[in-house]
Amino acid sequence: MILLIRSGEFKFGAYLSEPLLISDSWAGGPACFLFSLTLDMKIPYHARDPPEGGRWGPVSFLAGRRELVIGNDDLVLDSTLTSGTSQLEGCFGIGLDRQSSEASTMLAGHSHFEIDDVEVWMVERVERGQHL
Amino acid sequence: MKSSDSHTRVLAAVKSNLAMVGELQVFEQREAGADAASALLGSSEAPAPTSRSSSPRGQGQGQGGQAALSSTGDSGSHSPRSTAHALSSHLHGGPAELVAGQASDTRYAQAVRDFVGEHAQLIQGLLSSGAGAGAEGGAMDSTALPLPPSVCAPSVVGEFYPLRLARSATDGDMHAMAMGSSRSQPLKHTDPRRVFESILKDAVIPPSKAAKGVRGGQQEEYTTTLLDTKETHKSFQSKTLSGSQQLGGDKGQRNAQAPPFAVPSARGPSPGVGASRLVYTQTSQMRVQSEVEGGGFEYSGGDASRVSMPLLALLKLAAQAGQPSLRTQTERKIKQLQTRNVTSFESELHALVKSDILQNDEPQLVYFVLPFLSRPPAVTLIYSTFKHGRSLSDLYLKTNQVCPMISLSYCAVLITLLIYFLFPLLAPHQISSLIFSISIFRIGHL
């Protein structure tokens, strides 16, 4: 699945290797990644600071009822899809300092940002109709 | 008249503050050589001679605090390049000395003090430009001053390092903060000299440390960067001004063109002693709260976790990150797929082109960054805030409708568990019929 977000002049999103189904358990894997269209960069999965309580093995996102958490707070969307937060270098990053302002502003320009638009795209293989 | 009066009062405040630190003569010498300053001095509402002499500290602060003006527009005749050269050469005595590391911290401290005296005209220009508009509008405007990398912290070397200066028209207090750096901190003082001193202390590193991280070649590199990004600086500055114009107006209203500045407060909120404070609202907008309680003023950084970064600094950071860009990866993917152009993916890209968020070549960037090798996947829009309710529940609902397989898998697990517990209670023929029914159910859904 592709998650696209526009926050002001910043466009970014995430590729999720599993569908967004509400759950209390972590899902996804290393195939997931974040990207920023505004900065023209892909933010790969590295899981340097993985979330606690995740299932065995690498995880990427938690589709909760109150918020959608991608990575270890790398990208968090609230339940109303009106605002979010970002702090890279948890599960996704490019080698920044986890606590730096760059890590918290890389995606949206602000650590706490407001969401203008959200789109979710399903990615599936043409031949088998299998979801990627 | 208001504008001239504000200019006069600002000039008097600057002079009194400079006189307070014994640098009035330097200021007056520079002032005499500047046309703009001469024009100000030649006005009919020039400050009284007593204000140009050494005045007591309290008097100087009083005049500075009562001066109601805002600094807008560019920083007078001081271009970023000239300012950068002036700062660098004055503080460190040139790149060669930086590399050699011969300058001592004592000289650095002295250089910081001397800088304020030698650039008093710049201070005056920053304060006096656009003073009338700020006084009449009652808003808080600002201007930006770039510093060269040789006088910045090692973490921001090579970055555009603007500084934001603003004076509240309501209370006349100076606000200053550094932008685009992880070391950005709100700075607060009541007189221009201390503002500049604090800015330099925050942004400038001693030559002994700078010599370790700065090479002689980077000085020239930054000069070139400044020349190349002259227009960028103008647009950046105009963006800052456009954002600051909203400070007194649309408080709390979200704006996509919000002023790009960063104010992480490492010290956290402090008790209100001062007259003005910067407060971050839920929408990360800065607003000024006037609290007339006398004396100086204290900053309240609000939530220290809320940080902003200008787009320009992020673009430079992304360029320095070493990650292949999405465009590069798109080109590589197309080559891997042995296609000469992207026309063969038009059918798959057709849906993404209809996106309300993606524009220009962004659909291609998103599509080709997907993990596939030889079989281009199809993409289908399943949720959009333009078409559906804005909530996570609606998003999950749409996702669940498109992905019944996953739901079915969960159902299968539940049925299996049910059978596991029902087995002891069922006869063999009942178990067989139950498994047969479940199989038919699954095949029907597949």
Side-chain angles (χ1 to χ4, degrees), chain A residues 1-2 4-6 8-11 13 15 17 19-22 31 33 35-44 63 65-68 77-82 94-97 100-102 104-106 109-127 131-132, chain B residues 182 184 254 256-258 260 262 264 283-284 305-311 314-315 317-318 321-327 329 348 351-352 355-358 362 365-366 369-372 375-386 390-393 395-396 398-400 402-403 405-407:
Chain A
M1 303 190 73
I2 303 174
L4 294 177
I5 300 170
R6 186 175 70 83
E9 57 188 347
F10 287 86
K11 295 178 183 178
Y15 169 75
S17 57
L20 278 172
L21 296 175
I22 191 167
F33 60 84
F35 59 86
S36 172
L37 295 170
T38 304
L39 304 181
D40 191 18
M41 67 182 305
K42 177 183 176 181
I43 304 172
R65 296 179 183 275
R66 294 182 177 179
E67 58 186 10
L68 170 61
L77 307 182
D78 70 350
S79 60
T80 59
L81 294 179
T82 56
I94 56 174
L96 301 171
D97 182 9
S100 65
S101 58
E102 289 87 353
S104 59
T105 58
M106 182 63 75
H110 305 270
S111 58
H112 294 65
F113 57 89
E114 295 195 4
I115 300 172
D116 293 330
D117 308 311
V118 177
E119 286 183 355
V120 177
W121 293 77
M122 175 62 66
V123 183
E124 53 188 354
R125 291 175 182 155
V126 178
E127 291 84 0
H131 306 295
L132 282 177
Chain B
S182 58
S184 299
R254 189 184 185 283
Q257 304 297 328
T283 55
S284 298
S305 64
R306 293 177 178 245
V307 186
S308 300
M309 187 79 80
L311 176 59
L314 290 175
L315 285 170
L317 185 63
Q323 293 287 329
S325 66
L326 295 177
R327 285 178 174 79
Q329 295 190 35
E348 288 79 11
L352 272 179
S355 169
D356 293 314
I357 296 179
L358 304 178
E362 292 172 345
L365 301 181
V366 172
V369 79
L370 294 175
F372 67 93
R375 297 171 182 174
V379 290
T380 309
L381 179 65
I382 60 175
Y383 174 80
S384 173
T385 51
F386 291 96
R390 181 184 282 266
S391 67
L392 270 181
S393 57
L395 190 155
Y396 295 147
K398 296 298 177 183
T399 306
N400 195 20
V402 178
C403 306
M405 290 286 294
I406 305 300
S407 300

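None of these values were measured; they are calculated from a predicted model. In what follows, every heavy atom counts, from backbone to side chain, and hydrogens, waters and symmetry copies are set aside. So that the names make sense, note that chain A is the first sequence line, chain B the second, and so on, each numbered from 1.
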Mind checking the [atom1]-[atom2] spacing from [X] to [Y]? Nearest 0.5 Å is all I need.
| X | Y | atom1 | atom2 | result |
| --- | --- | --- | --- | --- |
| A:E102 | B:L317 | CD | CG | 5.5 Å |
| B:S393 | A:I22 | OG | CD1 | 8.0 Å |
| B:L314 | A:T105 | CG | OG1 | 4.5 Å |
| A:E119 | B:L358 | CD | CG | 6.5 Å |
| A:M122 | B:I382 | CE | CD1 | 4.0 Å |
| B:L395 | A:L68 | CG | CG | 7.5 Å |

Taking side chain as everything from C-beta outward and backbone as N, CA, C, O, which of these in [X] sits under 4.5 Å from a heavy atom of chain B? Side chain, backbone, both or neither.
| X | value |
| --- | --- |
| A:D78 | backbone |
| A:K42 | both |
| A:L96 | side chain |
| A:S36 | backbone |
| A:I2 | side chain |

Any sub-3.5 Å donor-acceptor pair from B:T385's side-chain atoms to A:V118's backbone N or O?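 Yes: the side chain of B:T385 pairs with the backbone of A:V118.
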When you measure from the side chain of A:D117 to the backbone N and O of B:F386, does any donor-acceptor pair fall under 3.5 Å?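 Checked: no pair found.
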I'd like to know which of [options] tops the heavy-atom pair count under 4.5 Å against chain B.
| options | answer |
| --- | --- |
| A:L39, A:T38, A:I43 | A:L39 |
| A:G13, A:S79, A:G95 | A:S79 |
| A:I5, A:D40, A:L81 | A:D40 |

Using a 4.5 Å cut-off on heavy atoms from C-beta on, say whether the side chain of B:T399 contacts that of A:M1.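 Yes, side chains in contact.
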Flag side-chain contact, heavy atom, 4.5 Å: B:V366 against A:Y15: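 In short, these two side chains do not touch, never coming nearer than 4.5 Å.
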Under a 4.5 Å cutoff for heavy-atom pairs, which residue among B:L352, B:L365, B:L315 has the most contacts with chain A?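 The residue among B:L352, B:L365, B:L315 with the greatest pair count is B:L352.
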Could you report the tightest heavy-atom contact between [X] and [Y], atom names first, then the distance?
| X | Y | result |
| --- | --- | --- |
| B:Y396 | A:L20 | CD2-O, 3.7 Å |
| A:T82 | B:R390 | CG2-CD, 3.5 Å |
| B:L381 | A:W121 | N-CE3, 3.3 Å |

